[in-house]
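Report on one structure; see the data block that follows.
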Amino acid sequence: MKKTFLVSTLALAMGLVTMQAQAHSRWILPLQPIVSGDESEWVSFDVSASNTLFQADKPARLEGMVALMPDGSQGVAVEGYTDKRRSVFSYELTQPGTYKFEQTNEGYMVMRERPQGAEPPKAEGDKPQGEGKPGMGPQGPGRGMRADTLEALLAQLPDDGKPRHIVHSLSRVETFVTRGKPTDAALKPTNKGIEMVPLTHPADLFTGEPATFQFLLNGKPAADLAVELTPGGTAYRNERLTQSLKTDGEGKVKVEWPMAGPYLVEVEDEVKLSEGKVNSERYGYFATLVVQPQ
């Protein structure tokens, strides 16, 4: 198993982000992460991909974006619009409790195999990560071919006998909003891909109070997983102030919050496969958490 920070190859395979956005962090930013009151409330969101958190840069479409409800019901689609740099939507919180807004992207594509032990390069400004690097782009025979299912991808490939490196990718972008008292029903994992179990509730994040999160990979604790957390406002300081953490044997990390505001959580994992037609599985996870001041 190989674990690395998030790289452009996942975004390449997603299909819901434009090719321009492939090297950038993806995020959903709730403009009102916590609301109160006994009556329903509207909350607005920005959705984009950018190196500068949380300033909209590259458009990320809304297809597949759903709201998971406080009563545990799933998959209520959201509606909004996409402009040149972002998507926006508003959602009415009719139920009290905690909502999870989530977009899951899954697909198959032909990639060049990453050499054993090679680490993905870090982003440099707006230059796409992995540009021209071995294994980091849709290169090689059948390059760039992608499909929602393995069967559809195989049907596209020419029958020329050439070896191809097929990647199954699954990523998840999410955030949380609470109206009134926090609840947990929307936070239950699906046991598919990388997921974060917030042992500290997303509505209970405060500066000066450490929080604990557990990460799962396909439903099992993901030990030794690299986790990055970066506070927003990177356009207004010289340092990104990213915390680079590793999960423990139970997949847990403890996080300190040096300042209030939104943070982006970014995780990637890659699993090499030795059998079947798929050569590797790549997983990505992005979550926006909002920390309140004391």
Side-chain angles (χ1 to χ4, degrees), residues 26-48 53-56 60-83 86-104 172-192 195-216 229 231-233 252 254-265 285-294:
R26 298 170 57 194
W27 45 266
I28 309 167
L29 179 64
L31 303 186
Q32 299 89 15
I34 299 176
V35 298
S36 59
D38 297 329
E39 299 182 353
S40 64
E41 292 278 358
W42 285 91
V43 173
S44 296
F45 300 80
D46 285 344
V47 183
S48 186
L53 306 179
F54 287 91
Q55 291 189 341
R61 299 195 294 271
L62 294 177
E63 285 89 339
M65 184 79 70
V66 297
L68 282 67
M69 309 294 282
D71 65 2
S73 58
Q74 306 285 307
V76 180
V78 306
E79 297 181 355
Y81 73 93
T82 300
D83 64 18
R86 62 175 178 169
S87 292
V88 298
F89 70 91
S90 294
Y91 194 86
E92 185 177 16
L93 309 182
T94 57
Q95 297 181 16
T98 300
Y99 294 69
K100 181 163 69 174
F101 293 86
E102 176 186 83
Q103 187 181 57
T104 302
R172 177 173 286 106
V173 188
E174 63 187 26
T175 193
F176 312 90
V177 173
T178 296
R179 183 194 128 198
K181 185 178 179 180
T183 56
D184 296 325
L187 309 181
K188 294 180 179 178
T190 63
N191 299 332
K192 188 173 183 181
E195 295 179 284
M196 183 180 73
V197 179
L199 302 181
T200 302
H201 196 281
D204 294 328
L205 306 179
F206 295 92
T207 55
E209 297 183 5
T212 303
F213 305 101
Q214 183 182 38
F215 289 87
L216 307 179
L229 293 96
K252 298 178 182 178
K254 180 178 288 186
V255 179
E256 304 284 345
W257 311 109
M259 63 184 72
Y263 286 69
L264 186 67
V265 181
Y285 178 82
F286 301 82
T288 302
L289 301 171
V290 181
V291 177
Q292 306 297 323
Q294 286 282 358

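Quick caveat: nothing in here was measured; it's all calculated off a predicted structure.
By the salt bridge (Lys or Arg N to Asp or Glu O under 4.0 Å) test, K252 pairs with E250, sequence neighbours left out. Applying the ring pair (Phe, Tyr, Trp, His ring centres under 6.0 Å) rule to F176 yields no partners; only residues at least two apart in sequence or on another chain are considered. By the salt bridge (Lys or Arg N to Asp or Glu O under 4.0 Å) test, D83 pairs with R86, sequence neighbours left out. Listed by chain and residue number, nothing satisfies the side-chain contact (heavy atoms from CB on, under 4.5 Å) test with K188 (two or more places apart in sequence, or in another chain).
Of all the heavy atoms in W257 and F206, the pair that sits closest is CD1-O, 3.5 Å. Pairing each heavy atom of P70 with each of G97, the nearest pair is CG-C, 3.7 Å. Contact detail for A203 and P182: the closest heavy-atom pair is CB-CG, 3.8 Å. Closest approach of L62 to Y81, counting heavy atoms only: CD1-N, 3.9 Å. For A56 against S48, the heavy-atom pair with the smallest separation is CA-OG, 3.4 Å. The shortest non-hydrogen separation linking M65 to Q103 is SD-CB, 3.9 Å.
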Point to revise | Residues V255, Y263; criterion side chain to side chain contact (heavy atoms under 4.5 Å, CB included); working and verdict | key: CA-CA 11 Å; V255 179; Y263 286 69; over 6 Å; no
Check your understanding: Can you check side chain to side chain contact (heavy atoms under 4.5 Å, CB included) on F286 and R172, steps first, answer last?
Key -> CA-CA 6 Å; F286 301 82; R172 177 173 286 106; over 6 Å; no
Exercise for review: In sequence, state the C-alpha distance, the side-chain angles, and the governing distance for V43 and V35, and then conclude on side chain to side chain contact (heavy atoms under 4.5 Å, CB included).
Suggested key: CA-CA 8 Å; V43 173; V35 298; 4.2 Å; yes
Practice item. Before giving the answer on side chain to side chain contact (heavy atoms under 4.5 Å, CB included), spell out for E102 and V173 the whole-Å C-alpha distance, their side-chain angles and the decisive distance to 0.1 Å. Key: CA-CA 6 Å; E102 176 186 83; V173 188; over 6 Å; no
Only distances under 3.5 Å count here; give the side-chain donor-acceptor pairs of residues 287-294 to other protein atoms, sequence neighbours excluded, each with its distance to 0.1 Å.
from	atom 1	to	atom 2	distance (Å)
T288	OG1	I28	O	2.9
Q294	NE2	T207	O	2.7
Q294	NE2	E209	OE2	3.3

Could you go through residues 88-95 and list every donor-acceptor pair under 3.5 Å that involves a side-chain atom there, pairing it with any protein atom two or more places apart or in another chain?
from	atom 1	to	atom 2	distance (Å)
S90	OG	S44	OG	2.8
E92	OE2	S40	OG	2.8
Q95	OE1	D71	N	3.1
Q95	NE2	D71	OD2	3.0

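Using a 4.5 Å cut-off on side-chain heavy atoms (C-beta onward), W27 and L53 make contact. Within the 4.5 Å cutoff, no side-chain heavy atoms of T178 are placed close to those of P202. The shortest distance between side-chain heavy atoms of F45 and T175 falls below 4.5 Å. At least one side-chain heavy atom of M69 sits under 4.5 Å from a side-chain heavy atom of Y99. At a threshold of 4.5 Å between non-hydrogen side-chain atoms, the residues L229 and L264 do not count as touching. Looking at heavy atoms from C-beta onward, F215 lies out of side-chain contact with E195 at the 4.5 angstrom threshold. With a 4.5 Å cut-off on side-chain heavy atoms, P189 and N191 count as touching. Using a 4.5 Å heavy-atom threshold, the side chains of T98 and V177 count as separate.
In this structure, H201 contributes its side chain and T183 its backbone to a donor-acceptor pair below 3.5 Å. S87 places a side-chain N or O within donor-acceptor distance of the main-chain N or O of A60, the cut-off being under 3.5 Å. Using modelled atom types, no side-chain atom of Q214 and backbone atom of L199 make a donor-acceptor pair closer than 3.5 Å.
To the nearest 0.5 angstrom, L31 atom CG is 14.0 Å from W42 atom CH2. Taken from CD in E174 to CZ in R26, the straight-line distance is 12.0 Å, to the nearest 0.5 Å. Separating the OG1 atom in T200 from the CZ atom in F213 is a distance of 6.0 Å, to the nearest 0.5 Å.
A salt bridge is defined here as a Lys NZ or Arg NE, NH1 or NH2 lying under 4.0 Å from an Asp or Glu carboxylate O, and E41 with R179 fails to meet this definition.
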